[in-house]
Undergrad: 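Encoded as structure tokens, here's the structure I'll be asking about.
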There are 2 protein chains.
Amino acid sequence: MKLDRIDIKILYELQKNGRITNVELAELVNLSPSPCLMRVKKLQQEGYIEGYSAQINIGKLGQTLTVFTEVTLKNHRQIDFARFLAAVEKVDQVIECHLVSGGYDYMLKFVTAGIGEYQTIMERLTDMDIGIDKYFSFVVLKSPIVKAHMPLISLFRV
Amino acid sequence: MKLDRIDIKILYELQKNGRITNVELAELVNLSPSPCLMRVKKLQQEGYIEGYSAQINIGKLGQTLTVFTEVTLKNHRQIDFARFLAAVEKVDQVIECHLVSGGYDYMLKFVTAGIGEYQTIMERLTDMDIGIDKYFSFVVLKSPIVKAHMPLISLFRV
DNA sequence: AAATCTGCGGCATAAAATGCCGCTGCCCTT
DNA sequence: AAGGGCAGCGGCATTTTATGCCGCAGATTT
């Protein structure tokens, strides 16, 4: 399947407003509602759209702490990565886990209730003997930019 | 305004599925559609819900590169942060910018078309004389975990 | 204990989604 | 170059959903 300009525009608009009505979306992309809806369904079915999500202002709900953590493993066999990942997947507060190049192995992103909870989680992970050699924590003080969407425009020049 | 258990449940469900119909949402939280919609509207109006977004599988659209970049500024006056931030805000490919502890540094998250584009952007930023002392790049090889939602449950024990 | 207030469910109306159908323009075949 | 087939469009009818209104119940206050 090949995406044309209209498909990209649809993805762009749905990133900006995931709850736009099909009628409004159709207007924005210069289609009538029927073919517009057909395209959206197709984009979902083919996996270009993975889902829809509300963006919650978690700061308003209570104090939270975001931390980026660089983790180095002791060994780098397949099994070492798999074991680490299996443990990390069970931690609700880990909202991202990336395998990265450049001196460290994993970059994690935590959202926790506070420094205490973060500390507890990291103690548990290091005690678990899942091959963590060392880690370094970047505690987030402020997040001036947090976009919910990917830069479709600059990537694909719509 | 104070949120009760039902409000948290609504936020939780809307994070999982931002395009759920009000009728279905009402069933999930054991309300009838009317009061459920009223709560959702209120949560939006009060800023607990900042918006809705489609999650795009950007990898299917073409090759992309994600990079975490740790930036150190030369000086740490108000004006230095402001100038850096103003420049970074103009870069479409920066989807996150966090002020982190450990020497008043920034952690950026880029999504670019490839290492070439990333390199170009970083050259431009360093040449711009916005006070960047040095930076270190973590190129993402793989992202085993990328959650679109915050850990509401573990944070607020619903 | 009475009054009030907040929040609920049910109902009616307006809006949207969704499936169907026929038309049009493009591409492939001959 | 002409004809046939096909993909994709717009319009319409039906079903589903959103949304505003009203009366009721439980909790809180006086």
Undergrad: Counting neighbours of NZ on Lys60(B) that are heavy atoms of other residues, nucleotides or ligands and sit closer than 6.0 Å, is the number greater than 12?
TA: yes
Undergrad: Under the rule for ring pair (Phe, Tyr, Trp, His ring centres under 6.0 Å), what residues qualify as partners of Phe110(B), not counting sequence neighbours?
TA: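 Result, ring pair (Phe, Tyr, Trp, His ring centres under 6.0 Å) vs Phe110(B): Tyr118(B).
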Undergrad: Is it the case that over 12 heavy atoms from other parts of the model lie below 6.0 angstrom from the CD atom of Gln45(A)?
TA: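 It does not: Gln45(A) CD has 12 such atoms or fewer within range.
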Undergrad: Enumerate the residue pairs fulfilling salt bridge (Lys or Arg N to Asp or Glu O under 4.0 Å) with a member in residues 27-49 of chain A, sequence neighbours excluded, ordered by first and then second residue.
TA: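 The answer is Asp4(A)-Arg39(A), Asp7(A)-Arg39(A).
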Undergrad: Could you tell me how far apart Ile20(B) (CD1) and dA17(C) (P) are, to the nearest whole angstrom?
TA: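 Rounding to the nearest Å, CD1 of Ile20(B) and P of dA17(C) are 16 Å apart.
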Undergrad: Using the closest heavy atom to pick a nucleotide of DNA chain C for each, name whichever of Asp4(B) or Arg19(B) lands nearer the 5' end.
TA: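 Counting from the 5' end, the first nearest nucleotide belongs to Asp4(B).
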Undergrad: Taking for each residue the nucleotide of DNA chain D with the nearest heavy atom, is it Asn22(B) or Ile6(A) whose nucleotide lies nearer the 5' end?
TA: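 Whichever sits nearer the 5' end wins; that is Ile6(A).
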Undergrad: Determine to 10° how strongly the helix from dA1(C)-dT30(D) to dT30(C)-dA1(D) is bent, judged from the axes of its five-pair ends.
TA: 30°
Undergrad: Should Lys109(B) and Glu96(A) count as an ion pair when the cut-off is N to O under 4.0 Å?
TA: yes
Undergrad: Could you please spell out the steps behind the ring pair (Phe, Tyr, Trp, His ring centres under 6.0 Å) verdict for Tyr52(A) and Tyr52(B)?
TA: CA-CA 7 Å; Tyr52(A) 300 87; Tyr52(B) 299 87; 9.8 Å; no
Undergrad: Among residues 41-53 of chain B, which residues get a heavy atom nearer than 4.0 Å to DNA chain C?
TA: none
Undergrad: Give a yes/no answer on whether the side chain of Arg39(B) brings an N or O atom under 4.0 Å of OP1 or OP2 in dG7(C).
TA: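 No, Arg39(B) has no side-chain N/O under 4.0 Å of OP1/OP2 on dG7(C).
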Undergrad: Distance check needed: dA17(C) C1' versus Glu24(B) CD, whole Å only.
TA: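 Taking CD of Glu24(B) and C1' of dA17(C), I get 13 Å after rounding.
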Undergrad: Please report, rounded to the nearest Å, how far the P atom of dA18(D) is from the CG atom of Leu25(B).
TA: 9 Å
Undergrad: Do the charged groups of Asp80(A) and Arg77(A) touch, with an N to O distance under 4.0 Å?
TA: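 Looking at Asp80(A) and Arg77(A), the cut-off is met.
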Undergrad: In the 5'-to-3' direction, what one-character label does each nucleotide of nucleotides 10-15 of chain D receive under the scheme B = base within less than 4.0 Å of a protein heavy atom, S = sugar-phosphate only, - = no such atom?
TA: BBB---
Undergrad: For the pair made of CG in Leu37(B) and P in dA12(C), what is the distance, rounded to whole Å?
TA: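 About 19 Å, once rounded to whole Å.
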Undergrad: Return the minimal non-hydrogen interatomic distance between Leu11(A) and Ile49(A), and the atom names on each side.
TA: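 Smallest heavy-atom distance, with atoms named: CD2-CG1, 3.5 Å.
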Undergrad: Return the set of residues passing side chain to side chain contact (heavy atoms under 4.5 Å, CB included) with Gln55(B) (not counting sequence neighbours), or none when no residue passes.
TA: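 Glu50(A), Ser53(A), Ala148(B).
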Undergrad: How about Phe68(A) and His98(B): are their ring centroids closer than 6.0 Å?
TA: yes
Undergrad: Yes or no on side chain to side chain donor-acceptor pair (under 3.5 Å) for Glu117(B) and Thr120(B), after CA distance, side-chain angles and deciding distance?
TA: CA-CA 5 Å; Glu117(B) 188 184 25; Thr120(B) 305; over 6 Å; no
